[in-house]
Asker: 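Below is a structure I'd like to ask you about.
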Amino acid sequence: METKKRIAVSEKIYTGPANIITPLGFSTDGNFNKLLSGESAISRHENSWMPHPYFASVIDEVLLDKAFADVSADANFTKLEKMMILALQPAVAQSGSGLNKKTAFILSTTKGNITALEQHDVEKATLHQLAKTIAGFFKFQSEPIVISNACVSGIMAMSVAKRLMQSGMYDDAFVVAGDLVSEFVLSGFNSFQAMSDAPCKPYSKNRTGVTLGEAAAAVYLTKEKTKASAEILGDGSINDANHISGPSRTGEGLFLSVESALKEANISSEKIGFISAHGTATPFNDEMEAIAFNRLSLGQIPLHSLKGYYGHTLGASGLLEAVIGIEAMNRGKLIASAGFDEIGVSENINVIAQNADADIDYFLKTASGFGGCNTAVVFGKVI
Amino acid sequence: MGTSLYIENYCIIESGKILLDGVEVFSSDADSFADFSKEALRHFTIQYPKFFKMDHLSKLAFLGSELLLKDLSGKENTALLFANASSSLDTDINYQSSISDKENYFPSPAVFVYTLPNICLGEISIRHQLKTENSFFIFGAFNPEFMFGYAENLIQTQKAQRVLCGWTELLGDEYKAFLYVVSKDGKIAHTIENLKALYEN
């Protein structure tokens with residue numbers, strides 16, 4: 001009986017100060033304005049990483065180093081570490097957090113410093129080591145929590161932070177997510193013949209596959225409404241139990257994840273202002289999402305994928321897209337789904353073709369990935 | 001102050017031995033994990049051809065979950081909560097070697113897919129048809145405080161009825177797995193102290 005009372009399930013958890021590091025800019029504001037003007041970070045690359053030219057969204061290291069020099073004179077950080085530190089820095093500075101043992105630090109990534117394996121540096125490639133490096137920079141006191149759940153990692157990290165805070169284990173949390181474009185992931189996606197020969201076109205009949213990208217995103221989570229940008233109302237992360245390298249044809253895991261998130265949020269599906277979907281631009285993924293959203297009566301809700309702007313930033317994508325989504329909700333903007341022209345899925349979905357103004361009280365963020373994983377989170381405006 | 005949740009059963013896989021609820025049920029002299037896991041599969045007469053396509057981390061997680069879940073009834077809403085220290089590095093190193101030498105370049109999708117630690121959760125979900133909450137974490141060492149708190153939260157918030165928890169650490173031929181089921185049934189109280197004691201067996 002005591003145990004049940006201790007778990008304050010209904011305690012409100014909010015997102016607070018956040019920041020994103022992408023090729024389009026090193027601030028949320030800067031990124032959002034570029035999205036409004038329709039700019040994409042995807043460009044053509046030609047190097048030894050791939051047997052042929054490819055498209056990717058890559059952060060300029062000269063610009064990154066210049067920005068990093070304003071934060072630290074220490075040059076002993078990898079590109080990914082610099083991105084993560086730059087993402088976290090303003091969030092930490094603006095949070096007013098005491099950074100004590102009750103402040104969680106959650107890091108999301110799929111491959112971390114995987115390029116260290118090129119020099120056979122296994123220690124450096126260890127994800128816990130990456131988390132310790134970032135935690136050390138900010139002097140976080142709690143044991144770092146690393147989440148590595150394929151392409152849902154970024155949004156799952158936020159869901160996990162919310163759960164840990166609601167259960168009383170932590171008072172507040174910093175969540176950071178990041179991944180790089182590397183020979184490792186390029187060759188892997190290429191081996192699946194999943195890479196697009198042009199910038200990716202989610203949900204389009206003319207799509208030819210995935211474009212990879214790199215980014216970092218950071219968000220502070222708090223129980224204090226005065227610091228809030230959005231409320232996290234509900235979440236779910238349910239497996240398809242179907243296939244390890246492809247989504248369920250019926251979208252079962254995504255369907256169940258959204259259902260779980262909506263039930264906890266206690267809102268009906270028509271209240272959702274827009275869906276920030278996964279939209280990798282592979283036929284299987286896009287089709288699966290269209291089926292799942294229709295099963296949930298979400299077929300008419302405006303929807304976008306941001307992959308046409310940033311590519312698929314793997315473990316960063318869910319958090320990056322959630323930060324953009326919160327900004328879109330608070331500014332009342334529906335962002336067009338870049339690369340979309342003719343509908344290329346069998347069920348009706350309402351892909352946002354042009355930027356538009358709208359009153360948005362709630363939005364849904366979803367992601368799906370290898371291993372059959374899915375995550376859905378419902379966000380609400382702070383009233 | 002007590003807890004309302006219990007450790008229903010548990011399994012340890014380490015140094016060529018498998019213990020179920022503290023009792024040794026299998027041991028082998030095999031030098032490699034590959035041979036050890038193959039012998040274990042044969043010993044428990046598990047018929048599952050997909051096993052042979054899995055990477056070592058998935059095989060380790062699969063074996064432990066097989067022993068714990070096979071006789072459980074009403075396991076539909078069993079969440080998976082797994083963690084380790086080395087993520088998928090065992091397969092990452094293997095995959096890296098397939099792309100390092102341009103003269104001998106053979107990236108394989110069948111290997112690449114296992115360069116994500118959560119793939120083992122997909123394998124377990126498919127085997128036991130668990131359309132449930134699942135997540136994979138990485139810590140420097142077994143973290144009973146976190147595992148306890150997150151499993152309790154999943155059940156208390158009714159996101160799951162049971163949680164199959166697993167510490168599945170593997171790199172090269174070094175491995176240690178500690179898996180256990182948390183639910184409202186059982187004899188061992190679900191506490192941080194008990195998790196520590198069982199892990200250290």
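Here is the naming used below: chain letters follow the sequence lines, and residue numbers restart at 1 for every chain. Bear in mind that the values here come from a model prediction, so they are computed numbers and not experimental data.
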Asker: With only heavy atoms counted, which part of A:Leu164 is less than 4.5 Å from chain B, the side chain, the backbone, both or neither?
Answerer: side chain

Asker: Could you check whether the rings of B:Phe112 and A:Phe184 sit parallel, tilted or perpendicular, using 30° and 60° as the cut-offs?
Answerer: tilted

Asker: Does the pair B:Lys102 and A:Glu183 meet the rule for a salt bridge (charged side-chain N to carboxylate O under 4.0 Å, His left out), with working shown?
Answerer: CA-CA 12 Å; B:Lys102 289 284 185 288; A:Glu183 184 180 13; 2.5 Å; yes

Asker: Let me know if A:Glu118 has heavy atoms under 4.5 Å from chain B in its side chain, its backbone, both or neither.
Answerer: both

Asker: Tell me if a side-chain donor or acceptor on B:Asn118 pairs with a main-chain N or O of A:Phe370 at a distance below 3.5 Å.
Answerer: yes

Asker: Other residues, nucleotides and ligands only: do more than 12 of their heavy atoms fall within 6.0 Å of CD on A:Gln141?
Answerer: yes

Asker: Do B:Glu133 side-chain atoms and A:Ile238 backbone N/O form a donor-acceptor pair below 3.5 Å?
Answerer: no

Asker: Identify which of B:Leu130, B:Ile93, B:Ile99 forms the greatest number of heavy-atom pairs closer than 4.5 Å to chain A.
Answerer: B:Ile99

Asker: Need one label for A:Leu256: side chain, backbone, both or neither, based on atoms under 4.5 Å from any heavy atom in chain B.
Answerer: side chain

Asker: What part of A:Glu143 gets closer than 4.5 Å to chain B, counting heavy atoms only: side chain, backbone, both or neither?
Answerer: side chain

Asker: Side chains of A:Ser187 and B:Tyr105: do they bring a donor and an acceptor to under 3.5 Å?
Answerer: no

Asker: Working note: A:Ile145 + B:Phe137, criterion side chain to side chain contact (heavy atoms under 4.5 Å, CB included); need CA distance, chi angles, decisive distance, verdict.
Answerer: CA-CA 7 Å; A:Ile145 297 163; B:Phe137 297 90; 3.7 Å; yes

Asker: In terms of heavy-atom proximity below 4.5 Å to chain B, should A:Asn149 be classed as side chain, backbone, both, or neither?
Answerer: both

Asker: Identify which of B:Val111, B:Leu154, B:Asp92 forms the greatest number of heavy-atom pairs closer than 4.5 Å to chain A.
Answerer: B:Asp92

Asker: Contact part of A:Val160 toward chain B, heavy-atom cut-off under 4.5 Å: side chain, backbone, both or neither?
Answerer: both

Asker: Relative to chain B, which segment of A:Lys111 carries a heavy atom at a distance below 4.5 Å: side chain, backbone, both, or neither?
Answerer: side chain

Asker: Do the side chain of B:Tyr150 and the main chain of A:Arg163 share a donor and acceptor less than 3.5 angstrom apart?
Answerer: no

Asker: Quick one: what part of A:Asn239 sits under 4.5 Å from any heavy atom of chain B, side chain, backbone, both or neither?
Answerer: both

Asker: Heavy-atom distances under 4.5 Å only: say whether A:His120 touches chain B with side chain, backbone, both or neither.
Answerer: neither

